[in-house]
Enquirer: 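I have a structure here, written as structure tokens, and I will follow up with some questions on it.
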Amino acid sequence: DARMTKADILRWLEDWRAVEEAERAEKWNQPRSPSESFRLASELIDLCAGMHGWPPREELTLSSEDLEAQESWVKLHHRLAGR
């Protein structure tokens, strides 16, 4: 039977979280250089362009309302986190 049990799902979730934490720690301990960051950003732009065309359609970009909502959420998140 190929069904996953609750224990399988919980184990998968624990593994996923452990990988995320390891990646976060690695990024924190080894920051990228500006040139590496720019190269990776360029690769993401190329990927988006290859998948969706360039420039991205409006629904793939944030509108000013989306940006305001995002900024408000970040402020609230920082306030609630005590930062």
Enquirer: Can you measure from CD1 (I9) to CZ (R11) and round to the nearest 0.5 angstrom?
Expert: 10.5 Å
Enquirer: Nearest 0.5 Å, please: how far is CZ in R3 from OG1 in T5?
Expert: 12.0 Å
Enquirer: Is there a side-chain contact between R39 and E36, using heavy atoms and a 4.5 Å cut-off?
Expert: yes
Enquirer: Could you state the interatomic distance from CG (L47) to NE2 (H52), rounded to the nearest 0.5 Å?
Expert: 7.5 Å
Enquirer: Measuring from atom OG of S35 to atom CG of L40, what distance do you get when rounded to the nearest 0.5 angstrom?
Expert: 9.5 Å
Enquirer: For the atom pair CG (L10) and CE (M4), what is the distance rounded to the nearest 0.5 Å?
Expert: 9.5 Å
Enquirer: Under 4.5 Å between any side-chain heavy atoms of L76 and W73, yes or no?
Expert: yes
Enquirer: Walk me through whether E21 and R24 qualify under salt bridge (charged side-chain N to carboxylate O under 4.0 Å, His left out).
Expert: CA-CA 5 Å; E21 184 59 35; R24 196 173 6 262; 3.4 Å; yes
Enquirer: Any Lys/Arg nitrogen of K75 or E71 sitting under 4.0 Å from an Asp/Glu carboxylate oxygen of the other?
Expert: no
